[in-house]
Every structure is written in structure tokens, then in C-alpha cells.
**Student:** 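Here it is, the structure in full.
Sequence positions, counted from 1, serve as the residue numbers for this chain. Heavy-atom basis, side chains included; hydrogens, waters and symmetry copies ignored.
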Amino acid sequence: MTTNSTDAGTGSPRVSWAAANARRLARQGLTAPAGGGPAAVTGAMVGAHAQVLSAAELSVALRLDGGETRESVRAALWTDGSLVKTFGPRGTVHLLPSADLPLWTGALSALPAGRGAMPDGVRMSGDETDQVVAAIADALADDDLTVDELTEEIVARTGPWAGERVMDAFQTKWPRWRQMTHTAAHRGALCFGPNRGRKVTYTNPHRLLPGFTPLPGREALAGLVDRYLYAYGPATPQHFAKWLAMPVGWAKELFGALAARGRTERVDFEGDAAWVKAGDTEFPALPPVRGVRLLPYFDAFTIASQPRARLFAGAAYERALGGGQAGNFPVLLIDGAVAGVWHQRRSGKWIDVTVEPLGTLTAAQRAGLGEQVERTGEILQGTPRLTVGTVSVGAHA
């Protein structure tokens with residue numbers, strides 16, 4: 001492993017897109033299976049997006065050794081507790097390693113808070129937020145509760161104001177406290193429990209990791225940048241801000257502080273300044289990224305890899321980005337670049353997989369695609385049937 005070269009003007013290592021992409025793929029377990037089990041793989045991804053849980057199960061399992069299925073991920077989540085389902089980056093649902101909860105809660109609770117999207121009369125004050133978070137932690141300390149059950153417990157501990165149905169949501173009204181669900185998660189008071197039938201439940205993450213304490217914000221944010229740069233570097237403050245849905249100015253200040261402390265190192269990334277974790281400047285000299293991969297909705301690699309114009313090159317930028325939002329389409333990767341979209345539909349034991357390449361597949365690529373479809377069927381525990389043709393299903397909402 002070696003860096004490509006050094007920029008004569010700045011003395012910074014030069015890193016090509018091909019080298020960066022190859023290293024990201026390898027560290028993501030997308031060139032060869034990753035060891036360590038679901039929690040280790042999810043940690044290497046810096047979280048698996050789980051708004052659609054089946055997609056998260058596929059994201060994690062496809063990076064594991066052959067023979068592992070969605071049941072391996074479910075066991076880590078619901079049996080041994082090495083994974084937790086909670087609100088992660090961007091306030092969206094993620095799978096995270098339970099052992100990393102001190103870092104994640106410390107970092108996410110230290111992010112700058114905006115004014116909030118709720119209108120006057122609905123928006124909660126800081127004191128009200130503190131009351132609700134404390135009530136949630138207490139109510140979930142010993143049991144998993146549905147939303148309705150949790151609402152009753154919160155109201156009993158705070159007052160009727162917390163349960164007033166004032167939040168517009170899906171043609172109905174939600175109780176006021178629900179605007180702080182992700183805040184409670186970020187402070188370490190709430191995560192998801194196993195579904196009770198079709199009903200979501202919440203629990204207290206301290207039941208998974210007894211006695212954990214969120215890391216101090218400065219330390220936690222530095223650790224999160226370390227993880228992000230190791231997985232997706234070289235990256236800029238703008239890339240990090242986009243990944244977290246945070247202001248660019250804040251990210252620039254954070255990166256500047258970390259550079260001053262020697263935590264990051266500047267490189268020349270395709271002619272632009274970017275950063276890696278300090279000392280982490282080795283990249284493949286001639287990266288031989290070859291092969292075919294099928295990645296599901298909101299896979300971490302497609303969401304976090306930047307610049308997107310390089311990963312989603314040419315026609316892929318229009319076809320696979322869904323209006324600029326990565327993750328809305330499952331994607332076909334060929335030789336490390338997005339080269340199509342795909343969709344799967346289950347009917348009993350059958351899993352019908354339709355793949356729409358953006359170019360003509362070679363015989364080797366067609367064979368690799370067949371292997372990927374078989375692996376997808378193995379993970380999802382069904383019998384796959386492949387169709388190469390147009391994907392008529394729209395982007396995931």
C-alpha cells in the first residue's frame with residue numbers, strides 16, 4: 001500500500017479518486033467479506049441506515065462471510081444486543097454498535113441545535129425538553145413501551161401539555177412530546193425495542209449497555225470524525241456537514257480545531273484540499289477495483305462517499321440519485337462505480353430481482369450479477385429470480 005505521489009506546492013500526499021474509492025470499498029467490506037460479525041461491520045460503515053429495516057439487514061449481511069443471512073443481523077439486534085436500532089446521523093433511524101453508544105450519544109447530543117421546525121405553540125422549550133427526556137428515560141428503564149403507552153407514562157411524569165395532540169403528522173396529530181424523540185435518543189434515553197406485532201416499541205439503551213455515559217462532546221465529536229474519515233476519507237468539512245445535515249461553517253470550525261490538534265492530515269484529493277485521519281495516508285497505488293455488487297436502499301457507502309459526481313458518473317447521476325438524494329434507489333455497482341439500479345419484490349418464497357444496467361453487461365459482469373442475486377436471495381432467505389430490464393418502481397419515499 002502506498003500513496004500515489006506528493007503535491008510539490010503543499011507537500012501534501014496526492015490521492016486519486018480511484019485510490020480513495022478502492023480504499024473505501026475495502027474498508028466497507030465490499031471487495032472482500034469483513035470479519036468480526038454484524039456489530040463490527042456496522043461500526044466500519046459508521047452506522048447502517050435502518051428507516052427500512054430489511055434494507056439495513058441486507059446492507060450489513062452482504063458485507064459478512066457467505067452463509068450469513070438477515071438472521072445474523074436480527075440476532076445481533078434483538079438477541080445478543082450487540083447492535084442497537086436508534087436515531088443516528090441526520091436524525092434518521094440507524095443500526096449502531098451498542099458498544100459505541102457512549103461515542104454516538106456524546107457526539108449527537110453535542111451537535112448545534114437549530115431553532116426547530118415546529119411552529120410557535122407547538123415547539124417545546126428547553127426546560128420542557130429536559131422534562132420529557134428525563135420522563136422517557138425513567139419510563140423505559142424497566143420495560144419496552146409502545147408509543148401510546150409511553151405517552152401515558154410521560155404525561156404522568158410531566159403534565160397534560162406533553163400529551164397534547166398538536167403535531168401535524170401523516171393526516172393526524174401526534175402528542176407534543178414526539179418532536180423530541182430523536183433528542184431523547186441522542187441523549188441516551190431512548191432506542192427502539194422489538195416490534196410488538198405491528199406496533200413499534202421503545203426501550204432504554206441502558207438496558208443494552210448498563211451504566212454507559214455519553215462521552216464529553218469535544219471528545220466524542222473528534223472520535224466521530226476519526227471514524228468518518230477512516231471509512232470515507234479523504235473528505236472535506238462540506239462532506240462531513242452533508243453527512244450529518246449540519247451547517248458547513250460549524251464543520252469547518254470543527255475540522256480546523258482537529259487539524260490544529262494534529263488529529264487530521266491534509267491531502268490533495270483530485271486537486272482539492274481534503275482530510276484524512278492523521279497518519280492514515282496509505283492508499284492502493286494501482287487499485288484493481290473489479291466486480292459487481294448490488295447495494296440496497298440507503299446503503300452507507302452510497303450515502304457517505306463523496307464527491308457524488310464521481311461515484312454516480314454520467315447517466316448514473318440522473319438515473320440513480322433520485323433528484324440528488326443518494327440512497328433513494330438500490331444501486332448496481334460495477335468496478336466500484338454506480339452503473340445501474342435494481343429492485344426486488346417478494347412473493348412467498350420467491351424474490352424477483354429486476355436489474356437495470358446503464359450499459360451493456362459483459363459476460364463476466366453478467367455472471368457476477370448472477371452471483372450477487374443468488375447472494376441476495378441467500379441473505380433474504382428466499383429463492384431469487386433475475387430479470388435484466390427496466391426498473392419501473394420509483395424512488396423510495
Side-chain angles (χ1 to χ4, degrees), residues 21-22 24-25 28-33 45 48-49 51-64 66-70 73 289-305 308-397:
N21 194 43
R24 292 169 182 173
L25 286 161
Q28 287 274 309
L30 292 175
T31 50
M45 297 164 68
H49 193 289
Q51 200 76 32
V52 180
L53 184 56
S54 60
E57 292 169 350
L58 182 54
S59 273
V60 175
L62 64 82
R63 291 164 163 84
L64 298 170
E68 301 280 5
T69 72
R70 61 183 179 178
V73 182
V289 178
R290 295 288 183 269
V292 176
R293 284 282 186 177
L294 292 176
L295 302 184
Y297 285 116
F298 301 108
D299 189 85
F301 176 76
T302 58
I303 289 176
S305 289
R308 284 184 180 155
R310 297 301 301 265
L311 183 64
F312 294 82
Y317 196 83
E318 295 296 328
R319 182 67 182 98
L321 268 181
Q325 174 61 56
N328 279 335
F329 287 97
V331 299
L332 166 69
L333 285 185
I334 296 181
D335 298 343
V338 175
V341 296
W342 66 284
H343 178 72
Q344 62 94 5
R345 183 180 63 188
R346 186 164 198 136
S347 179
K349 72 171 185 176
W350 297 105
I351 299 174
D352 288 299
V353 177
T354 303
V355 180
E356 179 185 333
L358 297 178
T360 302
L361 298 177
T362 66
Q365 289 166 351
R366 182 63 184 253
L369 176 59
E371 292 173 0
Q372 280 289 289
V373 170
E374 288 297 320
R375 178 70 181 123
T376 299
E378 179 182 38
I379 291 169
L380 298 180
Q381 299 174 303
T383 304
R385 297 184 293 199
L386 171 62
T387 299
V388 176
T390 302
V391 171
S392 57
V393 178
H396 179 79

**Student:** Within 45 degrees of the ring normal and closer than 6.0 Å to the centroid, is that where the cationic atom of Arg24 sits relative to Phe301?
**Tutor:**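 Judged by the rule (NZ or CZ under 6.0 Å from the ring centre, within 45° of its axis), Arg24 is not positioned above Phe301.
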**Student:** Taking the side chain as C-beta and beyond, is there a heavy-atom pair between Leu361 and Ile334 under 4.5 Å?
**Tutor:**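 The answer is yes, as the side chains (C-beta and beyond) meet within the 4.5 Å cut-off.
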**Student:** List the residues meeting side chain to side chain donor-acceptor pair (under 3.5 Å) with Arg308, not counting sequence neighbours, and say none if there are none.
**Tutor:**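 Expected list: none.
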**Student:** Report yes if some heavy atom in the side chain of Leu294 is under 4.5 Å from a heavy atom in the side chain of Leu332; otherwise report no.
**Tutor:**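 Leu294 reaches Leu332 side chain to side chain.
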**Student:** In Å and rounded to the nearest 0.5 Å, what is the CD to CG distance from Gln344 to Leu58?
**Tutor:**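 Between atom CD of Gln344 and atom CG of Leu58 there are 7.5 Å.
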**Student:** Where is the tightest heavy-atom contact between Val292 and Gly368, given as atom of each residue plus distance?
**Tutor:**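 Reported closest heavy-atom pair: CB-C, 4.1 Å.
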**Student:** For Ile379 and Ala61, work out which heavy atoms get closest and say how close.
**Tutor:**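 Ile379 and Ala61 have their closest heavy atoms at CG2-CB, 3.6 Å.
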**Student:** For a quick test of reading the model, state the closest non-hydrogen atom pair linking Pro330 to Tyr297 and the distance between them.
**Tutor:**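 Of all heavy-atom pairs spanning Pro330 and Tyr297, the closest is CD-CE2, 3.3 Å.
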**Student:** Can you tell me how far the CG atom of Asp335 sits from the CG atom of Asn21, to the nearest 0.5 Å?
**Tutor:**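 Answer rounded to 0.5 Å: 10.5 Å.
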**Student:** Are any non-hydrogen side-chain atoms of Arg293 and Leu62 less than 4.5 angstrom apart?
**Tutor:**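 Of all side-chain heavy-atom pairs linking Leu62 with Arg293, at least one is under 4.5 Å.
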**Student:** Under the side chain to side chain contact (heavy atoms under 4.5 Å, CB included) criterion, do Arg319 and Val391 qualify, and how do the steps go?
**Tutor:** CA-CA 10 Å; Arg319 182 67 182 98; Val391 171; 4.0 Å; yes
**Student:** How close do Leu380 and Arg346 get, counting heavy atoms only, and between which atoms?
**Tutor:**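 The pair with the smallest heavy-atom distance is O-NH1, 2.6 Å.
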**Student:** Going by side chain to side chain donor-acceptor pair (under 3.5 Å), name the residues that satisfy it together with Ser305, two or more places apart in sequence or in a different chain.
**Tutor:**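 If we apply the side chain to side chain donor-acceptor pair (under 3.5 Å) test to Ser305, skipping adjacent residues, there are no hits.
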**Student:** Do any pairs count as a side chain to side chain donor-acceptor pair (under 3.5 Å) and have a residue in residues 373-390, sequence neighbours left out, and if so which ones?
**Tutor:**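 Qualifying pairs, neighbours excluded: Arg70-Gln381, Asp352-Arg385, Arg375-Glu378.
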**Student:** Kindly compute the distance separating CG (Leu386) from CD (Gln372), expressed to the nearest 0.5 Å.
**Tutor:**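 The CD atom of Gln372 is 11.5 Å from CG of Leu386, to the nearest 0.5 Å.
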**Student:** To the nearest 0.5 Å, what is the distance between CD on Glu318 and CZ on Phe312?
**Tutor:**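 It is 12.0 Å, given to the nearest 0.5 Å.
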**Student:** Work out which heavy atom in Leu295 is nearest to a heavy atom in Trp342; give both atom names and the distance.
**Tutor:**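 Taking every non-hydrogen atom into account, O-NE1, 3.0 Å.
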**Student:** Looking only at atom types and distance, does a side-chain atom of Ser347 sit under 3.5 Å from a main-chain N or O of Trp350, one as donor and one as acceptor?
**Tutor:**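 A pair under 3.5 Å: no.
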**Student:** Quick one: closest heavy-atom pair of Ala48 and Val60, and the distance?
**Tutor:**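 Ala48 and Val60 have their closest heavy atoms at CB-CG2, 3.9 Å.
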